[in-house]
Amino acid sequence: MRIRDGFEVYWREPGASQVGLDPRCAVLLEDLSEGEQQVLEALGREVDRAALLTLANAHSVRTAAVDVLLERLRVAGVLLEEGTVAGDPDARYWQVAAAAGIEPPGSRLDRVIQVCGVDQLGLRIAVILAQSGIGSVLLQDRSRVRPEDVGAGLFRPGDVGVNRAEVGRAVLRAVAPKVGVTVPVRTRPDLVVVVDHGVVDPVPLRVLMREDVAHLPVLVRELDVVVGPLVRPGLGVCLRCVDLYRCEADARWPAVATQVATRPPSGVETSLGWSGAALAAGQILAVLDGRQAAVEGAELALTAWDPIPVLRDWQVHPECGCSPAALGVPSGTSPQTSKGGHR
Ligand SMILES: [Zn+2]
């Protein structure tokens, strides 16, 4: 047995030791004898019960006192029983988080994520997901690697001109050898990540809506990267709702949007390319793991100059028709228009 990976034992003063540092998960142990503090120190590395009791005996600590100490650690969630295999840093992190009351994720091995749009940002999201233990990460992009896609650990200068998805799969296999990059035909992804520039292409979205596949847009705009809203078809806001609100705010938006879609992407600012990818990947993992995700019915807009994303709520547009139940009105009726909410 030993103290859980990710935690360390610290001596504070005679009679008091602590396990861990963060107040959300650390355990303070007081009124300990010097011998009990020694026993606690010994649990910082793997030790079997017999050796622990021998040590305790040498420091005049009774077996009953050792058991009380072990039970306190067990209840606090910081004790690993004998024979537990050490996890990787991700597993360790979630074990520590569990001691802070956060539900640890289950296995992600059977999860299937598809990333459509494998530019530098899209590939980085895919890499994070693959390294986080997602079983299958599928890449879809028919275009070729562009010079602005080249980045550390991603596309290399020699990849320019080669198919993005093809090179991307090789990158994924290199960083996460166990990740699946293909799945049997007709496998439904748990979530599709749609990475786009300027505007989100509505054509593939219609297919996702029709086939009832959850999807998350990650949109690179002039000044920010926007993650969300998460679309669960039929259960809330969709990207057409968002577009309808934009048309209400700017009647000529459809004319402009059509032109935006035809302009070549201009890449993403370097730091925003990293922070935007991390933000998106973190939200995707939250959705898959069942934690509360900020992108449920909302978008997060991140710039390169402010580390805190701006959250904006979105509601179903009354004229979209995508989620009648979310509006509380029968399908086919057309209630008065209301604006998308702001937070
Ligand atoms: Zn809608």
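Atoms within a ligand are numbered from 1 in the order they appear, just like the ligands themselves.
Pairs passing the salt bridge (Lys or Arg N to Asp or Glu O under 4.0 Å) check and including a residue from residues 181-200, sequence neighbours excluded, read Arg111-Asp190.
With sequence neighbours excluded, the residues that form a side chain to side chain contact (heavy atoms under 4.5 Å, CB included) with Arg164 are Val118, Asp119, Asp141, Ser143, Val145, Arg146, Asp149, Phe155.
For the Zn ion (ligand 1), protein N, O or S atoms under 2.8 Å: 4 in total.
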Give the table of side-chain donor-acceptor pairs shorter than 3.5 Å for residues 127-136, with sequence neighbours excluded, one pair per line with atom names and distance.
residue: Ser132; atom: OG; partner: Ile128; partner atom: O; Å: 2.7

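A donor-acceptor pair under 3.5 Å is absent between the side-chain atoms of Glu30 and the main chain of Gly15, judged by distance alone.
The shortest non-hydrogen separation linking Val195 to Gly122 is CG2-CA, 3.9 Å.
Two residues are said to be in side-chain contact when any heavy atoms from C-beta on lie closer than 4.5 Å; Pro307 and Ser275 fail this criterion.
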